[in-house]
Amino acid sequence: MIQSRPASFPSEEGLSLENGREASFEGVLAQALLAWYERHARTLPWRIGPKWRRAGVKPDPYRVWLSEVMLQQTTVKAVGEYFAAFTARWPDMMAFAAAPEEEVMAAWAGLGYYSRARNLVACARRVAEDYGGVMPRKADELVKLPGIGPYTSASIAAIAFDEPVPVVDGNVERVVSRLFAIDRPLPQAKSEIRETLRPLVPQDRPGEFAEAMMDLGATICSPKRPACALCPLNMMCRAHGEQREEAYPVKAPKRAKAKKFAGAFVALRDDQKILLSRRPPKGLLGGMSEVPTGPWQESPVARMPAPPLSAPWRKITPQVSHIFTHIDLKVTIWQAALPPETPAPEGFWWHDLENLKDAGLPTVMAKIVEAAIPGATKARAKR
DNA sequence: TACACGTGGTC
DNA sequence: TGACCAAGTGT
């Protein structure tokens, strides 16, 4: 169901352009947004700015894909250095497709949602094998690839290949739900928002339109205290007309986080090597390296879980707390020093503390090591 | 449809 | 402090 246009917008009869052409609501909105974008576009490493775009320059689909996947549920600031490191190390799709999965997982460490890294590798290999290393151009083709869903497929198709499809991310959900005062709660309202946006997409500049919508949401139409005075669409916005901007988008209530508790073991050999293992490929932190942990349980850790090897374990304080999206985890840490000749048990290995960065520990694991061995995660590898 | 899936920043 | 949020996807 498509919402009616804002009541504050003039009737169509009252609208005419200087050249005598009829101005549609859709056209006026797109023009106002694109004009704003030409002045206020954010400069981003994976983007071709409006000036160069007008000169016919298009962004590299590989970089668009990589950035879009990194940006899923992740801030621009957090992505910045990862994008630079990835593109320096793997400059194109074929180079990336040839990368060992474990190297990609380690390079991704700290960015979160680790299935994205695994799917990135799977996607690159599929593109290399099935498409000769050339990214498909259509959203309905892209959406079949691993790690590429409705948002990412549309964004790549629009931004890299100028396919006029609606691109709906969290920013756009907010902008569109305010523009049309859509009061159905998210995520149920997703399809209504997409279909409301579809006729607004200009056929000639869909990529810039998508980027402009997201920039507007990120910089003007913010979740709290939006800067409506600076918004190029304020006269067309129903939420603004109602002075109820922050009432949109309506969101369904979310569930409380589960509390969980675990014990962890920091085993440090006297030759400055730490005992690590790899987590199972699926599930939380799937495929990432870790310090050995006991079971994650519902009740506080009362006694030491079964350790990976026999050692003079002693409990250290304080505990480490870590908040995941859906789990509030408290970790009790046991530490032990071992002689240099100590062998690693089956499935474990000793990792040089000096080069801990290379181990690719997810943040929660790095926090555990840091609590036991202050400074360990900040050491840089020697040249 | 609803839930699993990370992390860091903001108010 | 704790709740919310940030360019979502897979199951």
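The figures here come from the full heavy-atom set of this structure, side chains too, leaving out hydrogens, waters and symmetry mates. Quick note on labels: first sequence line is chain A, next is B, and so on, each numbered from 1.
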Taking the [atom1] atom of each, how far is [N] from [M], in whole Å?
N     : M      : atom1 : answer
C/dA6 : B/dT1  : C1'   : 23 Å
C/dG2 : B/dC5  : P     : 23 Å
B/dG6 : C/dT11 : P     : 14 Å

Nearest non-hydrogen partners of A/Gly263 and A/Pro305, listed with the distance: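 Smallest heavy-atom distance, with atoms named: CA-CG, 4.1 Å.
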
What is the distance, to the nearest angstrom, from the [atom1] atom on [X] to the [atom2] atom on [N]?
X        : N     : atom1 : atom2 : answer
A/Met105 : B/dC5 : CE    : P     : 14 Å
A/Gln72  : C/dA6 : CD    : C1'   : 12 Å
A/Lys190 : B/dT1 : NZ    : P     : 11 Å

Under 4.0 Å from OP1 or OP2 of [N]: is there any side-chain N or O of [X] that close?
X        : N     : value
A/Tyr113 : C/dA6 : no
A/His322 : B/dT7 : yes
A/Gln73  : C/dA6 : no
A/Arg174 : C/dC5 : no
A/Lys254 : C/dC5 : yes

Side chain of A/Arg255, heavy atoms from C-beta onward: which of B/dA4, C/dT11, C/dA6 has the nearest atom to it? B/dA4

Report all side-chain donor-acceptor pairs from residues 245-253 of chain A shorter than 3.5 Å, counting only partners two or more places apart or in another chain.
unit_1, atom_1, unit_2, atom_2, d
A/Glu245, OE2, A/His240, ND1, 2.7
A/Glu246, OE2, A/Arg225, N, 2.8
A/Tyr248, OH, A/Glu242, OE1, 3.1

SB check A/Arg53 A/Glu211 (cutoff 4.0 Å): yes

Is a donor on one side and an acceptor on the other found under 3.5 Å between the side chain of A/Lys138 and the backbone of A/Ala157? no

Has the side chain of A/Thr74 got a donor or acceptor atom sitting under 3.5 Å from an opposite partner on the base of B/dG6? yes

